[in-house]
Amino acid sequence: MSEKMKSYIEEAEKDLLHTYNRYQIVLDKGEGVNLYDLDGKKYLDFVSGIGVFALGYGNKEYNDALKNQIDKVIHTSNYYYNVPAIEAAKKIKKASGMDRVFFTNSGAEAVEGALKAARKYAFLRDGHTDHEIIAMNHSFHGRTFGALSVTGNPHYREAFEPMIGNIKFADFNDLESVKAQVTDKTCAIIMETVQGEGGIYPATKEFIEGVRALCDEKDILLILDEIQCGMGRTGYMYAWQKFDVKPDIMTTAKALGCGVPVGAFLMTERVGQRSLAAGDHGTTYGGNPLAGAAIDKVLDLFEVKHIIDNVREVSSYLEKRLDEIKDKYDAIIDRRGSGLLQGLEFDHPVADIINKALENGLILINAGTNIIRFIPPLVITKSDVDEMISILEASISV
Ligand SMILES: *Cc1c(COP(=O)(O)O)cnc(C)c1O
């Protein structure tokens with residue numbers, strides 16, 4: 001490592017709050033599916049900024065759209081209309097089949113808004129303020145208080161108790177355990193369509209359709225968190241579109257702006273008419289012209305570049321290659337996932353493998369201690385998969 005890179009890392013460790021154990025590289029620029037550190041070393045990126053940079057780095061049309069918008073105006077205020085946000089809303093409605101959009105600046109904020117909308121819906125229905133929300137064990141919904149309150153990882157919550165009240169937890173993919181938590185006060189069930197941070201667990205068809213039927217029966221709102229698994233990653237624009245279900249409220253972020261910090265929660269017209277109204281919710285930045293321009297261009301490029309077709313083609317190849325690796329090494333006990341969101345579960349911690357891969361020029365990340373997560377840009381090719389597999393194998397010590 002150069003002195004220059006080393007001294008930046010030392011400065012970072014002095015100045016930034018130490019909330020991350022960072023890998024020992026300073027990333028400097030990106031091109032396509034590759035990132036480069038300050039010393040010019042090249043890395044194949046199978047993390048994409050945790051599912052953000054779906055289109056790959058340095059996409060000219062995307063960059064130009066942002067530059068044009070910067071030259072016009074970056075920010076106005078939500079007290080006025082702006083064309084990029086209006087265009088973005090139209091396109092995200094079309095992509096999702098939902099009816100009403102609220103733009104946020106992050107995933108966690110999208111979850112916050114979704115929870116508020118659900119509580120308001122129930123409040124308008126019966127005037128009570130003691131409604132309950134059911135969330136899933138091993139879920140992840142973000143680090144703010146509301147989002148953390150529905151995150152099914154006690155370790156993340158413990159030091160920050162008390163959480164927001166009236167949250168109950170059930171087991172993902174276990175319909176009976178969800179039914180056991182339902183009471184007259186239940187106003188919403190929130191879950192990821194594919195659990196990401198919790199270990200790459202896709203919802204089963206029986207489970208998600210069963211939860212939908214349960215919600216219909218009891219007038220409970222189904223909130224699907226598509227922040228990680230959405231935006232084409234599973235081979236569908238939103239992962240729930242694979243099933244015979246539609247959420248009442250959904251959240252999206254990460255790849256939505258491909259790097260510009262944006263998120264959104266969306267709802268059906270029915271919920272839109274009976275939940276958050278003027279004065280109930282707000283944000284200074286959410287859906288500003290720069291954010292709107294990013295979302296608008298991202299959704300355009302998804303169509304023009306046939307991103308979803310590429311995901312379907314390359315992900316079946318990725319699954320095949322990962323299955324071969326799984327069969328080859330005794331330490332690998334499972335391969336699971338959906339589309340270009342895959343996990344390899346080992347019988348031991350994977351930190352050493354990830355560090356070794358980094359040394360060998362491959363960026364990977366974990367999901368839990370024993371699972372390597374594969375969440376590459378959605379524009380990868382089969383030959384990128386081959387390159388990743390060969391570096392991965394070189395990084396697994398047997
Ligand atoms: C990343 C993530 C979030 C939180 O998004 P932030 O932008 O980090 O606040 C919420 N839900 C899921 C499923 C995520 O993967």
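All ligand and atom numbering here is 1-based and tracks the order in the structure. Counting from 1, the numbers follow the sequence of the chain as shown. None of the values given here were measured: they were computed from a predicted structure.
- Taking any N or O of Glu109, backbone or side chain, none lies under 3.5 Å from an N or O belonging to ligand 1.
- Here the protein heavy atom with the shortest distance to atom 11 (N) of ligand 1 is Asp225 OD2, 2.8 Å.
- Compare Cys229, Gly198, Gly107 by their heavy atoms: the one nearest to atom 6 (P) of ligand 1 is in Gly107.
- In this structure, Lys297 fails the cation-pi test against Tyr62, since its NZ or CZ atom is not both closer than 6.0 Å to the six-membered ring centre and inside 45 degrees of the ring normal.
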Please assess Ser139 against Glu192 for the test side chain to side chain donor-acceptor pair (under 3.5 Å), listing each intermediate value before the final yes or no.
-> CA-CA 7 Å; Ser139 62; Glu192 297 149 273; 4.7 Å; no
Can Glu197 and Gln228 be said to form a side chain to side chain donor-acceptor pair (under 3.5 Å), step by step?
-> CA-CA 9 Å; Glu197 306 294 319; Gln228 188 159 159; 3.3 Å; yes
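- Of all atoms in ligand 1, listed by their number and element, those nearer than 4.0 Å to a heavy atom of Ala108 are 4 (C), 5 (O), 6 (P), 9 (O).
- For Glu197, no nitrogen or oxygen atom sits less than 3.5 Å from a nitrogen or oxygen atom of ligand 1, counting backbone and side chain alike.
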Under 3.5 Å, which donor-acceptor pairs link side chains of residues 247-258 to any protein atom two or more places apart or in another chain?
from: Asp248; atom 1: OD2; to: Arg212; atom 2: NH1; distance (Å): 3.1
from: Asp248; atom 1: OD2; to: Arg212; atom 2: NH2; distance (Å): 3.0
from: Asp248; atom 1: OD2; to: Leu222; atom 2: N; distance (Å): 2.7
from: Thr251; atom 1: OG1; to: Asp225; atom 2: OD1; distance (Å): 3.1
from: Thr252; atom 1: OG1; to: Tyr238; atom 2: OH; distance (Å): 3.0

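- Residue pairs meeting the side-chain hydrogen bond (donor to acceptor under 3.5 Å, both in side chains) criterion with at least one partner in residues 379-390, sequence neighbours excluded, are Tyr317-Asp386, Arg321-Asp386, Thr381-Ser383, Thr381-Asp384.
- Ring geometry for Phe102 versus Phe265: interplanar angle under 30°, hence parallel rather than tilted (30 to 60°).
- Less than 4.0 angstrom separates atom 9 (O) of ligand 1 from at least one non-hydrogen atom of the protein.
- Of the protein's heavy atoms, Lys254 NZ, 1.5 Å lies nearest to atom 1 (C) of ligand 1.
- Between Val111 and ligand 1, no pair of N/O atoms sits closer than 3.5 Å.
- The N/O atoms of Glu192, backbone and side chain alike, include none that comes under 3.5 Å of an N/O atom in ligand 1.
- Ring-centre distance between His131 and Phe123: not below the 6.0 Å cut-off.
- For Ile227, no nitrogen or oxygen atom sits less than 3.5 Å from a nitrogen or oxygen atom of ligand 1, counting backbone and side chain alike.
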